[in-house]
Structures are given as structure tokens and as C-alpha cells.
Amino acid sequence: MKINSLLRIICISGVLVLGSCSSDDDTPGVPQVVAPDTYVFERNGESTVSFSGQTTRIAMSEEIISALKNNTLTNPEATIDAMFAHVEGANDFSDADLNSSDKSVRSKTAASRDYFSANTTDATAIKEEFDGWIKRQAEEVFPNWTTEATSGTAGFIQEGGADPATRYVTAKGLELNQAFGKGLIGALMTDQALNNYLGTAVLDEADNIDNNDAEVVADGKNYTIMEHKWDEAYGYLYGAASNPSTPNDNIIGGSGDDSFLSKYISRVERDTDFAGIALEIYNAFKLGRAAIVAKQYDVRDAQAAIIREKISEVIAIRAVYYLQQGKSGLDSAAIDYASVFHDLSEGYGFIYSLQFTRNPDTNAPYFTRTEVQGFIDQLMGGANGLWDVEPTTLQSISDAIAAKFDFTVEEAGS
């Protein structure tokens with residue numbers, strides 16, 4: 001796959017900027033928007049960047065997915081439900097700051113302005129699916145923690161190999177903690193970033209443009225509302241970074257800073273077929289924020305389109321990757337079902353997340369909820385779910401996903 005150069009010149013509505021389509025023409029008298037080297041923006045010598053709510057929800061999500069693997073919890077369903085739908089002051093987390101927060105993960109799951117404000121039916125159904133995964137983990141998997149899983153029986157499966165791991169699955173072979181965690185990448189992080197905070201319905205709401213033009217800051221804050229909304233999208237990718245102004249240092253050179261988008265942007269970046277995608281996303285965030293400061297909203301929206309395309313691509317690449325890893329495992333002479341089910345459970349979560357992606361050409365998800373459910377039905381639809389799935393089915397789903405994007409199954413699956 002070829003990644004387009006990031007340092008190319010484009011002209012959007014007469015504004016010469018660093019961006020995503022090429023032009024050698026200069027336009028005299030039109031201001032140029034130039035991204036800073038790092039995600040640092042200041043007003044009167046003080047930072048205007050703030051996304052503490054996103055950092056909080058990422059930290060809450062980390063504790064939730066850890067709890068889904070803790071079979072020693074007392075009353076696990078109620079305990080994890082309370083973490084998911086946290087109420088300010090409740091002692092749900094190990095971190096006192098999280099307990100005192102008025103934020104929750106559930107309230108922002110499938111809650112974007114663009115996709116769900118007028119679609120409460122799907123929003124409610126999606127929240128209930130996450131609730132259901134918690135319930136099934138508590139009622140089906142935890143009671144069978146010491147039972148060896150077989151087709152039709154929940155329990156543990158031991159991986160082989162040099163670094164064996166124990167996997168805990170439903171009667172149909174699904175790791176619910178993986179479905180939940182990877183599902184949150186779409187339903188929380190991606191949906192809020194792409195379909196809420198980067199959308200004009202939020203960025204340009206009410207008098208946001210007039211206030212941004214006049215640099216009228218939010219009450220008691222050092223940022224305009226528009227600046228803050230863009231930063232909140234940024235926070236869902238980089239809010240857990242030790243140095244949020246330069247998070248790409250750990251994404252490109254490390255393994256990311258959380259278990260969600262940061263981690264999987266890093267995984268895709270490390271595939272030579274997609275090297276450069278992490279920088280493309282980061283640079284688009286910087287340039288879009290700089291465009292808000294410069295009051296160049298066409299440039300801002302062009303960067304939002306890049307972010308939407310590339311984050312959606314990350315989710316699709318990882319869905320195909322895990323399907324192909326599972327397929328390779330099933331094609332082996334000696335099938336390691338623990339390894340196969342682990343890969344396919346991660347794939348399940350990324351497939352689920354496809355319904356929250358955003359095609360910038362259509363402003364709709366690359367795959368509808370109905371299409372996503374169709375993939376899941378193919379994956380889990382046999383009498384015994386993953387125990388029955390065929391390699392040809394995994395290939396067929398992979399082909400259908402890759403066909404919507406500018407990559408091949410071979411590139412994503414390696």
C-alpha cells in the first residue's frame with residue numbers, strides 16, 4: 001500500500017496549507033496555515049489544550065476490561081455494571097480521582113451527535129449489548145473459570161507454544177473481555193472522536209464560529225469552545241500519553257499508551273505496508289487545530305476528513321488481521337483453539353467497531369449496523385459459534401471488509 005506524503009501543499013477554497021491534495025501554486029495575500037512541530041497551543045503564554053474528560057474515560061475503560069478478567073469479584077455483574085455506568089462519588093475504581101469524577105463510560109458509548117442523537121433505538125441497543133457482555137461474563141464464564149472449555153461448554157483453554165496463555169471463553173468460544181474492549185474502541189473512542197467532536201454539528205454549534213473568530217474563550221477557561229471540542233477528539237486517541245503533545249513518539253517507536261486506539265494505531269504503524277499512518281493522523285490533528293486558531297475552517301474540515309478516513313482504516317485493518325490470523329490457525333495441522341479463539345474474539349470486537357467508522361465521502365459508516373451484524377452472524381452463527389467457523393467464512397468476511405478500503409487482505413493479514 002502506498003501512503004500519501006504528509007508534507008504536500010494543497011489549496012482549499014483559496015487557502016494555501018499543508019494538507020492532502022497537491023498544488024504548486026502560491027496564492028498571494030492568502031494566509032498560510034502551518035502546523036506546529038508538536039501539539040502545543042497557547043494563548044497569552046498559557047496552554048489552550050484540555051481533554052481531561054477523555055483521559056478519565058480511557059482510565060475507567062482500562063479498569064473495566066481488567067475487571068472482566070477478575071473472577072474473584074464479589075457480585076461481579078453489579079460491580080462491573082457500576083464501573084461502566086459510574087456515578088460521581090461511587091467507590092467503583094481503584095483510583096480515587098476516577099471515583100470522584102462525574103464521567104462515565106456508558107454515557108458516552110454510542111452517543112455521538114452525528115450518529116445517535118436522532119437514532120436512540122440503536123444507541124440503546126448498543127449500550128445493552130455491552131451490558132449483555134458483562135452479564136454473560138459474570139453468569140457464564142466466571143462460574144466455569146476452572147472448567148476446561150469444549151464445544152458447547154464455557155471455560156478455559158490453554159494456549160500452546162513457547163509463551164502459553166490461558167483464555168476464558170463462552171460456550172461458543174468467544175472471549176467476552178476481548179469483544180467488550182475492542183468494541184469500546186469503536187463505540188466510545190472512535191464514535192466520540194469521528195462522529196461527535198470532529199463534526200460541524202459540534203464544532204460549529206450555536207455561536208462557536210463567531211466566538212472563535214473573536215477569540216472569545218469559554219467561561220473561566222483559556223480556550224474557545226471550538227478549540228476545546230477539537231482537543232476532546234484528540235484526547236480519545238492520545239489522552240493516556242505521558243506527554244500528550246508528542247504521543248507519536250510512543251505510538252511509532254513503542255506500543256501505544258493505552259489498550260485502545262493508541263495501541264492499535266501503533267500495531268498498524270509497525271506493519272511495513274502501513275508505515276506512516278500514525279504520523280498522518282497526528283499531523284492532521286495538529287494542522288486542524290492550527291486551522292481553528294487561524295480561523296480557516298475549510299482547512300480544519302479537510303483534516304477532520306483525513307482523521308476519519310485513517311482511523312476507520314486502522315479498525316478495518318485490525319479486523320482483517322485477526323480474521324486472517326484465526327484462519328491461519330484453523331488451517332494448521334494441529335489447531336491451537338485457544339490461540340484461534342483469541343484472535344477471532346479480537347476480530348469480533350473490531351468487526352463490531354466498523355459500524356462507528358466514518359467515510360468522509362459519504363459521512364456514513366463504511367459498514368452499517370445491519371452489515372456488521374451480518375458479519376457477526378457469519379462468524380458466530382453455527383450451533384457452536386467459533387468452534388464451527390470455517391476458514392472460507394473468515395476469508396469471505398476479510399474480502400468484504402478490505403474491498404471498502406485502499407488495502408488488500410494480504411497487506412492487512414500479515
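For this chain, numbers begin at 1 and follow the sequence in order. What you see is a predicted model, and the numbers here were worked out from it, not measured in a lab.
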Whether [X] side chain and [Y] backbone form a donor-acceptor pair below 3.5 Å:
X      : Y      : value
Asp336 : Ser339 : yes
Thr190 : Ile185 : yes
Thr246 : Asp249 : no
His342 : Ala165 : no

Q) Are Asn70 and Ile80 close enough that some pair of their side-chain heavy atoms sits under 4.5 Å apart? A) no
Q) Between Lys127 and Phe116, is any pair of side-chain heavy atoms under 4.5 Å apart? A) no
(Q) For Lys295, is there an ion pair with Glu215 - N to carboxylate O distance below 4.0 angstrom? (A) yes
Q: Establish, from distance only, whether the side-chain atoms of Asp191 and Asn195 form a donor-acceptor pair under 3.5 Å.
A: yes
Q) Side chains of Asp399 and Gln395: is there a donor and an acceptor less than 3.5 Å apart? A) yes
According to ring-ring contact (aromatic ring centres under 6.0 Å, His included), does anything in [range] pair up with another residue at least two apart or in another chain? List the pairs.
range            : value
residues 51-82   : Phe51-Tyr234
residues 242-272 : Tyr264-Phe350
residues 174-199 : Phe84-Phe180, Phe130-Phe180

Q) Can you name the one residue among Ile134, Leu68, Ile64 that meets side-chain contact (heavy atoms from CB on, under 4.5 Å) with Asn177? A) Leu68
Q: Could you please spell out the steps behind the salt bridge (charged side-chain N to carboxylate O under 4.0 Å, His left out) verdict for Glu46 and Lys221?
A: CA-CA 11 Å; Glu46 296 182 1; Lys221 304 297 182 181; over 6 Å; no
Q.
Could you walk me through whether Arg369 and Glu129 satisfy the salt bridge (charged side-chain N to carboxylate O under 4.0 Å, His left out) test, starting with their C-alpha distance in whole Å, then the side-chain angles of each, then the deciding distance to 0.1 Å, before giving a yes or no?
A. CA-CA 13 Å; Arg369 180 163 168 78; Glu129 284 163 353; 2.6 Å; yes
Q: On the 0 to 90° scale, with breaks at 30° and 60°, tag the Tyr223-His228 ring pair as parallel, tilted or perpendicular.
A: parallel
Q) Parallel, tilted or perpendicular: which describes the rings of Phe405 and Phe407, with under 30° parallel and over 60° perpendicular? A) parallel
(Q) Take a 6.0 Å sphere around CG of Asp37 and say whether it holds more than 12 heavy atoms from other residues, nucleotides or ligands. (A) no
Q) Around Tyr39, counting heavy atoms of other residues, nucleotides and ligands shown, do more than 12 lie under 6.0 Å from its OH? A) yes
Q.
Using the rule given for ring-ring contact (aromatic ring centres under 6.0 Å, His included), can you reason through Trp133 versus Tyr352, listing the C-alpha separation, both sets of side-chain angles and the distance that settles it, and then say yes or no?
A. CA-CA 13 Å; Trp133 291 331; Tyr352 188 86; 5.1 Å; yes
Q. CG/Leu194 to CG/Asn363 distance, rounded to the nearest 0.5 angstrom?
A. 11.0 Å
Q: Tell me, with the steps shown, if Glu227 and Arg43 meet salt bridge (charged side-chain N to carboxylate O under 4.0 Å, His left out).
A: CA-CA 11 Å; Glu227 290 170 341; Arg43 178 173 286 108; 2.8 Å; yes
Q.
Under the rule for ring pair (Phe, Tyr, Trp, His ring centres under 6.0 Å), what residues qualify as partners of Tyr168, not counting sequence neighbours?
A. Trp145
**Q.** salt bridge (charged side-chain N to carboxylate O under 4.0 Å, His left out) partners for Glu139, two or more places apart
**A.** Lys135
Q: Mind checking side chain to side chain donor-acceptor pair (under 3.5 Å) for Asp210 and listing every partner two or more places apart, or none if nothing turns up?
A: none
